[in-house]
Amino acid sequence: MATIIAPSILSADFSHLADEIQKVAAAGAEYIHIDVMDGTFVPEITIGAPVVKSLRKVSDIVFDVHLMVEHPETQIKSFADAGADIITFHVETTRHPHRVIQQIHALNCKAGVALNPGTSLSAVEELIEDADMALVMTVNPGYAGQSFIESMLGKIHMLYHMVQEMETECDIQVDGGINAEISVLAREAGANILVAGSAIFGAADVAKAIKDIRGKEIHHHHHED
Ligand code: DX5
Ligand code: ZN
């Protein structure tokens, strides 16, 4: 599966969001990862649907919306109407994650399910057949610029096997502390969508940063012969 790079808007200059999105799109990024925080599930408050709606007018890039909010079911329609392409919610934030996937699909968006570092894979086992993407958080959500939690590599690998065994299509996204070196490990473990904030927006040469994180193609040896 080809690698997809999703720069996280959290590390962009919020006073020039349109320029920042256009910059990473021109530099080869496939997605822009939009971190939505509610001040409750995570401490900070970031971006809401009205901002996403304005940004939709200035770019055609895939809007990968990462909801870090309680009660995601109350927010999904606003973000879909604002122009989200993918809506990812945390399984920790709802008792009815499968219904939320159905809601997202009914609004013609792709659905992602996210897991905090402390949440077991079993929380998504019954969801990945219907979800389009599973997001393994490799830092505790809330802030850019944290260190990658190495013990998440095993979780990524187990998820990769779970998806293979179910013979379903589900992208595996990783988010938190990703740079060019860690990208290799994450992709070897089975991730195919890489979110990176500080490593991309903090770089002097954004195109080079994206190219370095994308790296060389990795060949997995299972089910590919
Ligand atoms: C963390 C956010 C991430 C974050 C990534 O809560 O979900 O998307 O912005 O930033 P880096 O790549 O700097 O860890
Ligand atoms: Zn994120």
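Atoms within a ligand are numbered from 1 in the order they appear, just like the ligands themselves. For the single chain, residues carry numbers from 1 onward in sequence order. Treat the numbers as computed from the prediction; the structure is a model and nothing was measured.
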What protein heavy atom is closest to atom 13 (O) of ligand 1, reported as residue, atom name and distance in Å? Ser198 OG, 2.5 Å

Atom 5 (C) of ligand 1: the protein heavy-atom neighbour that sits closest, reported with distance to 0.1 Å: Asp175 OD1, 3.5 Å

Do Arg56 and Asp81 sit within salt-bridge range, that is, some charged N less than 4.0 Å from a carboxylate O? no

What atoms of ligand 1 come closer than 4.0 angstrom to any heavy atom of Ala144? 9 (O), 10 (O), 13 (O)

Might you confirm whether atom CG of Asp60 has over 12 heavy atoms from other residues, nucleotides or ligands at distances under 6.0 Å? no

Pair His66 + Phe89: ring centers closer than 6.0 Å: no

Nearest protein heavy-atom contact for atom 1 (C) of ligand 1: which residue, which atom, what distance? Tyr143 O, 3.6 Å

For ligand 1, which atoms have a heavy atom of Pro141 less than 4.0 angstrom away? 6 (O)

Angular separation of Asp35 OD1 and His66 ND1 about the Zn ion (ligand 2), given to 10°: 90°

Evaluate ring-ring contact (aromatic ring centres under 6.0 Å, His included) for His33 paired with Phe63, printing each intermediate quantity in order. CA-CA 6 Å; His33 180 86; Phe63 278 12; over 10 Å; no

Inter-residue atom distance Phe201.CZ - Lys23.NZ, 0.5 Å rounding: 6.5 Å

What distance do Met37 atom CE and Leu67 atom CG have between them, rounded to the nearest 0.5 Å? 11.5 Å

Considering heavy atoms of the protein only, find what lies nearest to atom 12 (O) of ligand 1 and give residue, atom and distance to 0.1 Å. Gly197 N, 2.7 Å

For atom 9 (O) of ligand 1, the protein heavy atom that lies nearest, with its residue and separation: Ser8 OG, 2.9 Å

When you measure from atom 2 (C) of ligand 1 to every protein heavy atom, which one gives the shortest distance, and what is it? Asp35 OD1, 3.5 Å

Could you tell me which atoms of ligand 1, counted from 1 in the order shown, lie closer than 4.0 angstrom to a heavy atom of His33? 8 (O)

For ligand 1, which atoms sit closer than 4.0 Å to a heavy atom of Met137? 7 (O)

First locate atom CD1 of Ile9, then atom CD1 of Ile21, and finally report the distance between them rounded to the nearest 0.5 Å. 4.0 Å

Distance, nearest 0.5 Å, that separates CE of Met137 from CG of Asp175: 4.0 Å

Would you mind listing which atoms of ligand 1 come within a distance below 4.0 Å of any non-hydrogen atom of Met68? 6 (O), 7 (O)

For Gly176, is the nearest heavy atom under 4.0 Å from an atom of ligand 1? yes

Atoms of ligand 1 under 4.0 Å from any heavy atom of Gly177, numbered from 1 in the order shown, are 11 (P), 12 (O), 14 (O)

Test Asp130 against Gln102 for side chain to side chain donor-acceptor pair (under 3.5 Å), laying out the working first. CA-CA 9 Å; Asp130 292 310; Gln102 291 174 320; over 6 Å; no

Asp175 atom OD2 and His33 atom NE2 as seen from the Zn ion (ligand 2), angle to 10 degrees: 100°

When you check the gap from the basic side-chain N to the acidic O, do Glu30 and Arg214 get nearer than 4.0 Å? yes

Find all atoms of ligand 1 within a distance of less than 4.0 Å from any non-hydrogen atom belonging to Met37, and give their numbers and elements. 6 (O)

For His66, take its heavy atoms, then give the atoms of ligand 1 lying under 4.0 Å from any of them. 7 (O)

Enter the distance from Leu159:CG to Lys155:NZ here, rounded to the nearest 0.5 Å. 9.0 Å

Which heavy atom of the protein is the closest neighbour of atom 6 (O) of ligand 1, given with residue, atom name and distance? Gly142 N, 2.7 Å

